[in-house]
Each structure stands twice: as structure tokens, then as C-alpha cells.
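Here's a structure for you.
Chain letters run A, B, ... following the sequence lines, proteins first, then strands; residues in each count from 1. Please read all numbers here as calculations on a predicted model, not as lab measurements.
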Amino acid sequence: MTADSSKNERYNAREAETRWQKAWDAQGIFATKNDDPRPKYYVLEMFPYPSGRIHMGHVRNYTMGDVVARFKRAMGHAVLHPMGWDAFGLPAENAAIAGGIHPATWTAENIATMRGQLQQMGFAYDWSREIATCHPEYYKHEQKMFLDFLAAGLAYRKESWVNWDPVENTVLANEQVIDGRGWRSNALVEKRLLSQWFLRITAYSDELLAALRTLDRWPERVRLMQENWIGRSEGARVFFAVGGGDPIEVFTTRPDTLYGASFIALSPHHPLAEELAKNDAKLAEFVAECDRMGTSEAAIEAAEKFGYRTAVEAIHPLDPSRRVPVYVANFVLMEYGTGALFGCPAHDQRDLDFARKYGLPVIPVVLPPGADPASFAVGDTAYVDDGTAFNSGFLNGLSVADAKRAVGERLEATGKGQRAIAYRLRDWGVSRQRYWGCPIPVIHCPDCGIVAVPEEDLPVELPKDVSFDKPGNPLDHHPTWKHVACPYCNSPARRETDTFDTFFESSWYFLRFCSARSPVAFDRKAAEYWMPVDQYIGGVEHAVLHLLYSRFFTRALSQCGYLQLDEPFAGLFTQGMVIHQTYQNAAGDWLFPEEVTEAGDRLVDEKGAAVTTGRLEKMSKSKKNVVGLERIVETYGADTARLYLLSDSPPERDLEWTETGIEGIWRYVNRVWRMASEPAAALPAASSPMPKDLSPALTALRGVFHKTIAAVTDDLDRFRFNRAVARIREMTNALEDLPAADPGAGAVLREGLETTALLLGPMMPHLAEELWQALGHGEWIAEAKWPVADPELARDDQVTIAVQVNGKLRATLDLPRDSESGAVQKAALGLPQISRLLDGKTPKKIVVVPNRIVNLVA
RNA sequence: GCGGACGUGGCGAAACGGUAGACGCAGCAGACUUAAAAUCUGCUCUCGGUAACGAGGUGCCGGUUCGAGUCCGGCCGUCCGCACCA
């Protein structure tokens, strides 16, 4: 091999990466002990559903987590960085239906494949804590939790209108319905009346809302989304008496407009409406029609508001001489407030529309500032802003806020109502009519009713011998599984065949990791030691799903005595998606990138037909814009992929995957590798002292190293990975200009290469080990201390000061650091181009910002 | 409709209120090669100029400031969340 050809030698990433992965594994260096004296740091990435293969979105997520984990290790923390599998879910069942493979087998195979892929990426996980939620050793603990919730009143069974996904053939929680469609199936969701298990998340509405303020290391956006989801509204509950029966209780946020009430509207499923319908065939028909209309959320949105006037009239709580008609209306939700409302058409647009349609009176009771009470009238637009109460008896003259208070007091004094708070948040429906989930541990006994499975009978294991040839829940079709004897009276009873929503498993897995092999759900001491998670990383799509459920679950477990903790995730980072160009042919079919070629200035497919580029989309199989991880790792290595995913965009933003982008990183990897394997100057032995009296160029170079250390440390602390990469590359560029002939160049080069290896370590761990070894270090760089910047070296002696005239840049000055303000002024005024611009005049004002700028105001 | 985020080169992006465009991608020119690949060097916001340099420039309009991509007000646009919530 000639000297020249060796210059073109490439870093053999595949060989080196496999070698280091084996070595780390053999030493078990990433296993975490629960009794480590160093300060703890728990970093966690949202664990994946084992769908088949790891995709780039996963890799981006886990790379960020790995950078944090390795960085914190180097900073001297005991780091817990576990990985597991969110292993229950419908795709496994679908695979069983389609391919005749058992969900357990399908899941296990996927886990094996994906674990291999993660190991190939070199993530520093403690694999000894790996969990899969579909194992009875995992899910038996949540069956126990459910029984505890049941005993504590946090779980209950209720017949209610639920979201039915006609594709998944199961119920969905409110959080799992996006724009009226199932979050996974994208099918239009229908309303069905079913008996379901619920968790009482609403018991914590106020606490979950209030504690958002304490989550100061969460993105503002996520906190806001949860705040809106919980949807707290202050108002009052008001009783409207009706002749004979129970009064109608309504909820309102505008008790100040009570004198403007001109009707009451009940939900079609309000008890009074159902009662009246028994003796009113037309009303019964109306309710039935509402149900027909209301089968899908989308239909509700499109539906016109209409109501049915009942024979009932209600007595106004503040003026018993007044009567208001009672309607049943299709737009009133039984699930919000009390399922009944009073309409004040003058000050609510929807009520106004309703009143106009049915010819009801519009009584203005809030006078806009400056309006004339004698002539003020409401036309087509309700007046919803602040003003002064009028036409309102004892409220007249009060502001909206004062009137609300006064009404509240009056209602409470007279027993006609009380101030109240309503939440948008509903209880979490956890029943799913599916097989591949955790069985709900209850038994339906014809004599004893619903009884809990005794603790000693846990776990209730899923039967393995199920068939998927019929639609619906295989557990329901199983010949024997559901038939059991009642544990109390021993008479023939039936097991619950619903399973838990899979968000049940992910609501506590972070606790299980603290003591993954514990015979109980988690060891309390271990959980209280590791929790809360210091840094959690995942997609923003879980803002009101997993992240809200987990916050609730942690509180519920605390209430049941499992541990003492409110918030599971102290720090949260939501990373952007990995997106990729999409291609479509004239027929609208998606094409793989490799099916598209350039022909002149246009794109064509393999048959030469025109291809259009679509928008950048999240990588997905259906759009054919996925990039296979195997090919990338085989071609460029895991480190190259990792650095690319960190470098090209800020982590919270979407990242566009491009082949040229990853090639650029691959070139960089080889440059760094060559710098170490063919050093430009002879390197002294490791840990030999830095020579004194270096040339100014070498001293300046050392300054770059130490400035980079400081900047990268700060950037990694603040999740600014793209900037950190840019800073390291700047340092590499500077190092390539090493004055190799200067005395001491070898020592400075060694310092530069060591700094490069240490700073790259969290991002490109294999290359870093390779460099570290090439530099003659025997120990792991994975266990090396993070470098500390020497402030003396990091400080420049010379600074460049911008010289402005009237705020415009006109020149720059190189001056010693911390020069006196007078000297800076003098130097600036002495510049020929400046004196030319000033034309002999003295500036009116001179602003000097030390070491930065001087502005001459003429 | 309500709430929020964001608008900077051909592209991804940098920039404690202080030299806009660091770092990279793409492109152009050159070196090395019989040639290509790989590698290396230089250029690359716009306009004028061979150049030194000058003028303009961070969606639009205004304001605060010695100084605004950054702060404030109002528009326009894009994206996201919620949406008959009483």
C-alpha cells in the first residue's frame, strides 16, 4: 500500500461498531445499580410498540436519550437508562387475523428483531432491566393495581355513551378520538351505549391542572394542551323548579345573565327527558332521531341545532313569577356539566340562534359600555363582552364579575344553587373488546354481581388457544376461559372478557424499570430513589394521552399507598418527526424514492411517466417514504446515522431525511478518523505534559478547544444538539489547520483529538472509543470524565470590536481584551474611514459596550 | 370560532437587544488522476464595481432604543391543539 492510497482509506464502521458493542456488553458497563453513591439521573425515552422494525423516528428519539444518558454518566451521575416494549396492542391481533400467527409469537419475534436493531445502534441501555408488558410477570401487577383502584373508588363500571371504533371493533377513550376518528384506525367513530370500566381521572382534575405550573421543565405547548384538555370552567349550578318532580339543575359560566333566561335545554339523555319520553311519543321519536343523527362525531358537527318543546315549564329561581319553557335539544351533552343548560339568547350566540329559530324572547341583561339602556337591542350577534347588568333586578348596575358573585351568593343563601366548577375532562374508559391486552380481573356472578378476582388468584392469564376466525373479541368466543365459578358463592359465573386499554401498561412502566425483577409491581425504595424521571423524551402526540394518564396513575398509586409521588416526569422533551420527500404518479399512487429518476428537469417513474413530488411527510410505509435502518447502518454505520439525526435540525423541529445529508456526515466521520489514524504531527505519549512556550498559533488553537468544551457542555445541557455538532465541527476545521511544524504541535494535536473524542462520545460512541484507543488509552471512553474547559485558555486576549456610526457597521477594531472605554473610543475615532464619515464633527454621543461594540452617534 | 407556535440565502439552519447567515447540504471553479470515484483548495445573501468598497436585506406596516431577526402594537401567511363545553 502506497502512502497516497492510504489517504483514501475508509473507516470500517461496521467492524468497529460490532467490536465495541460486544466489548461493552461483555463488561456490562451500562448496567445500573440501585445503591450507587453518585447523584442519580433517570433518563427515559417513550418505549416503542413492537410493530416490526425500528424506524428513523425511534432512532432519533433514542439517540437524543442516549446522548443525555452518556453525557450525564460522564458528568458523574449514576444514570438509569432502560428500554422495554409496550407489547400489547391491536396490530398483533390484526397480524393474527391476516397471517395466522399468534399475537404472542408475532410480538416476540418483533421484539427480537427490534432489540437487535437497537443494540446495533449502540445505545447505552441497561438491558438487564428490559421489560415487555405482555408478560404475566408485568401485567399481573396492574391487575392488582386495578383491584386497589376499585377498592379506593378510583375504578368503577358504568353504562354510558362511548366512542366505538367500527374498524378496531372496540371502544376508545376520549383522548383517543382525533377529529372524530380513531387515533390509529382513522375510522369515523360512532356513539354506542355500553357498560364499561372507567378510571376516575376526574377526581384529580383540579390537581392535574394546578400541578402543571410546577412542571417548569416541560414544553409550554404540552402544558397548554393538557390545560385545555382538562378545561376548567368556573360558574354555578342553578336549580329551576318544575311543578311536581325534581328541579332541573343546570350549569352555567354566566350566572350574571340569569335574568336573561328564556329557555331551558335538556340533553336527549337527561333523566327528565327520558322520563317525559315515556308518555310522549313525539318526544321519544325526537330522542331516537337525535341518536340516529349522533352516531358519529362528524355528524354531530354538521348537524343543525334543533329542539323539542316539552309541556314542562320551569320556575325562574330569582323571580318565581317567571316561567321558562323546557326543551330537549340535540346539542346538549349529557357528559358535560349537568346535562342541562339555561339559554340566554342575548349573550350567547348559540342560544341566540336557537331562540330565533323557535321564536323565543331575547332579553338583554348586560349593557355594553356607553350604550343606551332604552334603545339597546341584540340583532344577529349576541353580546358576549363585559358591561353593566340591567333588566336584572338586584343586579342592576353591577359589572359582569360583580354580578356573577352577587348571584352566586344569592343562590347559595336561598338554596337555589351554588357556585361550581365544571371540567371538560371525562373519566378514562379503559375497557377494550380485544384479546391482546391485560385481562380485567373481575367476574360477573348472577347472584353476587360484579366481584373482584381474589388477589391470590392473580394473574388472570390470557388463554393461548384462541382463534381469530370470527369478528369481535376472541376471549368472548373461547369455549371455556370465561366460564368460572364465583369466588364467593361458587355458582357458575362469567369472567370479564374485556381487556385494558394499552395505555394502562404505559402508565406505570417507568416505575417498573426502577426494580424490573421485583416480585411486587415495584420496590418502593427503588422507585422513590429513581423517580421522578429526570428527562423524558418522546413525541408530542402523547401530550394528552400517555402523559396525562401517567400523571393521573402516579397520583392514584400514591393514594393507594404504593409510593409517595405526584409527578412522574420532572423534565420532558418532545422531539420532532423524521420526514421525507414523497412521490406520486399521475394516478396518485405513492412511489418509493428508488423508483423515481431525474429526466432533464423533471421526475419520471420506471416507465417514463411524470412523477410529482408531494409534501414532506412523516416516514410511513403507506406513503412509501421510509428509509430502512439496516441499509443506513450497513453503508455508513450507526454513528453516522446518530450524528446526522442530531445535527441537521433543532431537536424539537421536524428533520428532513436526505441521502446527501447523511453522506456529508459520513465524510466528516472519515475526516476525524483519518486525523487520528494518520496524525499530522507525531503524538507524544498519552498523559505527557503540555510543553511550555507554544507558538501563538498553537496557543490560539488550544483556546478553540477550551471554548468548544464550554460551548458544547452548555449546548448538551440545553438540548441544543445541532449547535453542539456545529461547534465540534468548527473545532475539527481549526484542528486541520494545525501548524504541524511548530514545536509542541504533536502535544496540541493530541489534546485536540482527545477533546474531539470526548465531546463526540455521547453522540458517536463507537468512533469515540476507536479514537480513544488509537490515542493510546487503555480504559473506556464511555467511562471517561467529561472534559472541563480551562477558563484561562478559553479567554481571548484580543477581541474584535464592531465600530458603528448611527447604528450602522462601518469598521472593526482588534483590541486587547477589556480595553478601557476611552481607549476604545480613541481607537474608533482614529480610524480613517470613521473620521471621513464624521467629517470632522464630534459625535453627540458615544456608546461603548465592552469587548463588543462602539456606536458613534453623530 | 377559541388557544398556541412559527415566518432568516437555492435548502437544513446560526445569531445574551450589539459585526445577520456560524455549521452543513446543494452548486460553481480549480488541484490530484489516462479517466472517474474518493480526497483536497477556493468561491457562493442581493444589486453595482476587476477590486478596495458602496448600497440594500431577516413576511408586511408602525413603535420603543445609541442600536431590533430578537422587545411592543397591528396586519398577512403557514402549522399545531381544542371545538355544540353551556
Worksheet item: Quick one: salt bridge (charged side-chain N to carboxylate O under 4.0 Å, His left out) partners of A:D737, sequence neighbours excluded?
Response: none
Discussion item. If I take atom CG in residue A:N855 and atom C1' in nucleotide B:G17, what distance separates them, rounded to the nearest angstrom?
Written reply: 13 Å
Discussion item. Between the base of B:C82 and the side chain of A:N228, is there a donor and acceptor pair under 3.5 angstrom?
Written reply: no
Worksheet entry | Protein-nucleotide distance (A:D348, atom CG; B:G1, atom C1'), rounded to Å | 12 Å
Practice prompt. State which of B:U39, B:G4, B:C23 makes the closest approach to the side chain of A:R667.
Written response: B:U39
Response to the item:
For residues 703-717 of chain A, the side-chain hydrogen bond (donor to acceptor under 3.5 Å, both in side chains) pairs (sequence neighbours left out) are A:H706-A:E751, A:K707-A:D796, A:T713-A:W786, A:D714-A:R718, A:D715-A:R723
Fill in: With A:F354 via ring-ring contact (aromatic ring centres under 6.0 Å, His included) - residues at least two apart
A:F263, A:Y327, A:F331, A:Y358
Worksheet item: Where the side chain of A:R671 is defined as all heavy atoms beyond and including C-beta, which of B:G24, B:A20, B:A83 is the nearest nucleotide?
Response: B:G24
Worksheet item: Quick one: is A:R10 getting a side-chain N or O under 4.0 Å of the B:U39 phosphate, OP1 or OP2?
Response: no
Fill in: Nearest-angstrom distance from the residue atom CZ of A:R237 to P of B:C85
17 Å
Worksheet item: What nucleotide, of B:C84, B:C66, B:A86, holds the atom closest to the side chain of A:K845?
Response: B:C66
Discussion item. Assuming nearest nucleotide by heavy-atom distance, tell me which of A:R836 and A:E175 is located more 5' along RNA chain B.
Written reply: A:R836
Worksheet entry | Separation between the P atoms of B:C25 and B:U41, rounded to whole Å | 12 Å
Response to the item:
Applied to residues 662-673 of chain A, the salt bridge (Lys or Arg N to Asp or Glu O under 4.0 Å) test, sequence neighbours excluded, yields A:R671-A:E736
Item to complete: At under 4.0 Å between heavy atoms, which parts of nucleotides 7-16 of chain B does protein reach? Answer with one letter per nucleotide, 5' to 3': B base, S sugar-phosphate only, - none.
Response: -----SSSSB
Using distance only, find each side-chain donor-acceptor pair of residues 800-816 of chain A under 3.5 Å and give its atom names and separation, not counting sequence neighbours.
{"residue": "A:T800", "atom": "OG1", "partner": "A:D814", "partner atom": "OD1", "Å": "2.8"}
{"residue": "A:N806", "atom": "OD1", "partner": "A:A858", "partner atom": "N", "Å": "2.9"}

Fill in: Under-4.0 Å side-chain N/O to phosphate OP1/OP2 contact, A:K808 with B:C66
no
Worksheet item: Considering only B:C80, B:U19, B:C66, which nucleotide approaches the side chain of A:I853 most closely?
Response: B:U19
Fill in: Residue-phosphate contact under 4.0 Å: A:N733 side-chain N/O, B:G24 OP1/OP2
yes
Discussion item. Output the rounded distance in Å from CG (A:L759) to C1' (B:C23).
Written reply: 15 Å
Practice prompt. May I ask you to check if A:R424 and A:Y336 form a cation-pi contact, with NZ or CZ under 6.0 angstrom from the six-membered ring centre and within 45° of the axis?
Written response: no
Discussion item. With rounding to the closest Å, how many angstrom separate the C1' atoms on B:C76 and B:G62?
Written reply: 15 Å
Fill in: A:P219 side chain near A:L572 side chain, heavy-atom distance below 4.5 Å
yes
Fill in: Closest contact, heavy atoms only, A:V366 versus A:D386
CG1-C, 4.3 Å
Worksheet entry | Separation between the C1' atoms of B:A13 and B:G1, rounded to whole Å | 35 Å
Worksheet entry | Nucleotide nearest A:L333 when distance is taken to its side chain, options B:C85, B:C25, B:G81 | B:C85
Item to complete: Output yes when at least one side-chain N/O atom of A:K305 is less than 4.0 Å from OP1 or OP2 of B:C84, else no.
Response: no
Discussion item. Using the P atom as the point on both nucleotides, what is the distance between B:G74 and B:C23, in whole Å?
Written reply: 39 Å
Discussion item. Less than 4.0 angstrom between a side-chain N/O of A:R810 and OP1 or OP2 of B:C53, yes or no?
Written reply: no
Practice prompt. Could you give the distance separating B:U78 and B:A29 at their P atoms, to the nearest angstrom?
Written response: 39 Å
Item to complete: Rounded to the nearest angstrom, tell me the gap between atom CD in A:E335 and atom C1' in B:C84.
Response: 12 Å
Worksheet item: When we call it a touch if two heavy atoms are under 4.0 Å apart, what does A:V332 touch: a base, just sugar-phosphate, or nothing?
Response: base
Worksheet item: For A:G664, which contact category applies under a 4.0 Å heavy-atom criterion: base, sugar-phosphate, or nothing?
Response: sugar-phosphate
Practice prompt. Write down the distance between CZ (A:R674) and P (B:A38), rounded to a whole number of angstrom.
Written response: 12 Å
Discussion item. If I take atom NE2 in residue A:H542 and atom P in nucleotide B:G81, what distance separates them, rounded to the nearest angstrom?
Written reply: 14 Å
Discussion item. With rounding to the closest Å, how many angstrom separate the P atoms on B:G73 and B:A22?
Written reply: 32 Å
Worksheet, complete the sentence: Residues at least two apart in sequence or cross-chain that pass salt bridge (charged side-chain N to carboxylate O under 4.0 Å, His left out) with A:E656, listed by chain then number, are none
Discussion item. Applying side-chain hydrogen bond (donor to acceptor under 3.5 Å, both in side chains) as the test, list every pair that has at least one member in residues 843-858 of chain A; sequence neighbours left out.
Written reply: A:D818-A:N851
Worksheet item: Which residues pass the salt bridge (charged side-chain N to carboxylate O under 4.0 Å, His left out) test with A:R232, sequence neighbours left out?
Response: A:D206, A:E234
Worksheet item: Looking for any heavy atom pair under 4.0 Å, which part of the strands does A:R729 touch: base, sugar-phosphate only, or nothing?
Response: sugar-phosphate
Fill in: Residue pair A:Q226 / A:R551, side-chain donor-acceptor N/O under 3.5 Å
yes
Discussion item. Taking the P atom in each of B:G69 and B:C60, what is the distance between them to the nearest angstrom?
Written reply: 11 Å
Discussion item. Tell me whether the rings of A:W428 and A:Y549 are parallel (<30°), tilted (30 to 60°) or perpendicular (>60°).
Written reply: parallel
Item to complete: Return the nearest nucleotide to the side chain of A:E730; candidates are B:C23, B:C66, B:U19.
Response: B:C23
Discussion item. Taking Watson-Crick (N1-N3 plus N6-O4 or O6-N4) and G-U wobble (N1-O2, O6-N3), each under 3.5 Å, can you produce the dot-bracket string of RNA chain B? Use [ ] for crossing pairs and | for inter-strand ones.
Written reply: (((((((..(((.....[....))).(((((.......))))).((((....))))..(((((..]....))))))))))))....
Worksheet item: So, is B:G9 syn or anti if syn means the angle is within 90° of 0?
Response: syn
Item to complete: Please measure how far the C1' atom in B:U46 lies from the corresponding atom in B:C80, and state the result in whole Å.
Response: 34 Å
Item to complete: Could you work out which one of B:C66, B:C23, B:G4 sits closest to the side chain of A:L224?
Response: B:G4
Worksheet item: Tell me: CD1 of A:I579 to P of B:U78, nearest whole Å?
Response: 18 Å
Fill in: Under-4.0 Å side-chain N/O to phosphate OP1/OP2 contact, A:S233 with B:A86
yes
Worksheet item: In terms of the nearest nucleotide of RNA chain B, which residue is placed more toward the 5' end: A:Q833 or A:I801?
Response: A:I801
Discussion item. Could you work out, with salt bridge (charged side-chain N to carboxylate O under 4.0 Å, His left out) as the rule, every residue matching A:R254, not counting sequence neighbours?
Written reply: A:D256
Worksheet item: Once you round to the nearest 0.5 Å, how far does CD1 of A:I728 lie from CG of A:L759?
Response: 5.0 Å
Practice prompt. Would you jot down, in residue-number order, the residues of residues 252-269 of chain A having a non-hydrogen atom under 4.0 Å from RNA chain B?
Written response: A:T252, A:T253
